[in-house]
Number of protein chains: 2
Amino acid sequence: MATGRTHRPATRSRGIPEATVARLPLYLRALTALSERSVPTVSSEELATAAGVNSAKLRKDFSYLGSYGTRGVGYDVEYLVYQISRELGLTQDWPVAIVGIGNLGAALANYGGFASRGFRVAALIDADPAMAGTPVAGIAVQHTDDLDRIISDNGVSIGVITTPPGAAQQVCDRLVAAGVTSILNFAPTVLSVPEGVDVRKVDLSIELQILAFHEQRKAGEDAAAEDEGAPPMRATPAGRKGPDGDMPAVMPA
Amino acid sequence: MATGRTHRPATRSRGIPEATVARLPLYLRALTALSERSVPTVSSEELATAAGVNSAKLRKDFSYLGSYGTRGVGYDVEYLVYQISRELGLTQDWPVAIVGIGNLGAALANYGGFASRGFRVAALIDADPAMAGTPVAGIAVQHTDDLDRIISDNGVSIGVITTPPGAAQQVCDRLVAAGVTSILNFAPTVLSVPEGVDVRKVDLSIELQILAFHEQRKAGEDAAAEDEGAPPMRATPAGRKGPDGDMPAVMPA
DNA sequence: ATGCCTTTGTGAACGCGTGCACAAAGATAG
DNA sequence: CTATCTTTGTGCACGCGTTCACAAAGGCAT
């Protein structure tokens, strides 16, 4: 069980709470919009509503970065944009490799939100030899066989996995072996990575399932038992446990 | 400020913590995999590692659902699959409409993970008249003008927004007016919705930015100031605040 | 039937995140 | 220069989520 860790960054990140880090991009986006409208300063109240958060939370978040901001006035937009960008590491160029050029991979390759934030799609990689050379979003797809070299040559440290679930772990291992230390995983798989490698997971169907839960709570509850097909009471398919007739514990709740 | 709320479900959801709900799909996936391998029972320890979580957390999560599980043995896989599915509302059919059939919308329409979880893509909607009628993932794209009727006719209560950011709020309003009460938003926009409507947000570039932050912490820190272009010290572009010469507070940290 | 062994279910402690509420800080007007 | 007004920055309290650790519960062997 040496390589079990997943998803939690081990290093607590120099005092800035993880929850705050997750909100910084939100602030940055709102600030960028203000900057484009040439708004010079903004109060915590205004910026908070623009970002969809509480103003107290926003101020506390900023306090972790330092005392940017002028009492009685607010925050200087340009200055704050720069500070947050720097804190997030967006002042440097991040070459990104996308592995698995299916529908989703292609969509990500075309996604504009990356380039505008300092992320550059440096390579597209797929296991299908037929795709090799095909341009997607203006970039030629390369074959998995060359993964190692591609990662090294481009200095890629962030990899995006959009492969089928069965291939995800293998691709992940190869990426890590090639030097990738941050992975954004779209495959519905739990990835095992060595210490020091960060994995973030985006699962499209999970989000829908969470919505369905709340949706059921909203609409349902009154129409409680709709049709109610027979719950699979087969706690003992054939193998173990109970040759003692039927299972009584079918309706525990 | 009547329609300000976003993202937080107001109803606390009958005692099941939000964090637990968010993990149920994870457990469900792991259990489904076990089920396909015809594994009859599983211990909290095994299931926890398969789902990538702590075993104590898993047991506590399940305790909110009720006392399914047998001490000394573990959990019956099939039974648990059913219970979690029911709790999440996946035993019923959820017609989903996707609005904005660009690269991402098309990718989602083709995504297999939806259908296998009880979600059915009932309609694809786009504002481009040229796309109307075009089949995507076997479904003909319909025009935004008919959005209202499409939602009603199909009984859609969950909408997915994959439009450009500028159109997101408008589409959102129309979806809500048509009866949608849950929205999965892929556009980088803060949506305003009335009370009772749930919004979940998936932002691809935010995830990358969070990774970049940790990446910078890992690799950087020693190579602290790389090239360091001039930080925008223009705290006063022209308008307000300070005709008092230069700003001293350029390097507060 | 009895005792051992495994695994669940949960009480309790702890730590993180959130929100309140206010004092300190600075701008602005007189 | 003084008073007033605005807005930040933060100490504090509270609640949620996580984790530990163990008693209760059940299976299984003898």
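Predicted model, so just to flag it, every value in this text is computed and none were measured.
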Completion exercise
When every non-hydrogen atom of Ser205(B) is compared with those of Arg117(A), the smallest separation belongs to OG-CG, 4.4 Å
Problem - Rounded distance in Å - CD (Glu18(B)) to P (dG17(C)) - result: 17 Å
Fill in the blank from the handout: note: Lys57(A), atom NZ; dC20(C), atom P; distance rounded to Å ~ 10 Å
Handout entry: Separation of atom CG in Asp76(A) from atom P in dA27(C), rounded to whole Å
Key = 13 Å
Handout entry: Ser192(A) and Gln169(A): side chain donor to acceptor below 3.5 Å
Key = no
Practice task
Heavy atoms under 4.0 Å is the rule here; annotate nucleotides 5-12 of chain C 5' to 3' with B where the base is hit, S where only the sugar-phosphate is, and - elsewhere.
Solution key: -BBBBBBB
Practice task
Verify whether one side chain among Thr32(A) and Glu36(A) offers a donor that lies under 3.5 Å from an acceptor in the other.
Solution key: no
Practice task
Send over the distance from Glu46(A) CD to dT6(D) P, rounded to a whole Å.
Solution key: 14 Å
Practice task
Verify the distance criterion only: is there a donor paired with an acceptor across the side chains of Asp198(B) and Ser182(B) at less than 3.5 Å?
Solution key: no
Problem - Polar contact flag, side-chain donor to acceptor under 3.5 angstrom, Ser44(A)-Arg59(A) - result: yes
Problem - Nearest-angstrom distance from the residue atom CZ of Arg23(B) to P of dC16(D) - result: 15 Å
Exercise for the section: Could you verify whether a donor N or O on one side chain and an acceptor N or O on the other, from Ser35(B) and Glu78(B), lie under 3.5 Å apart? Expected result: yes
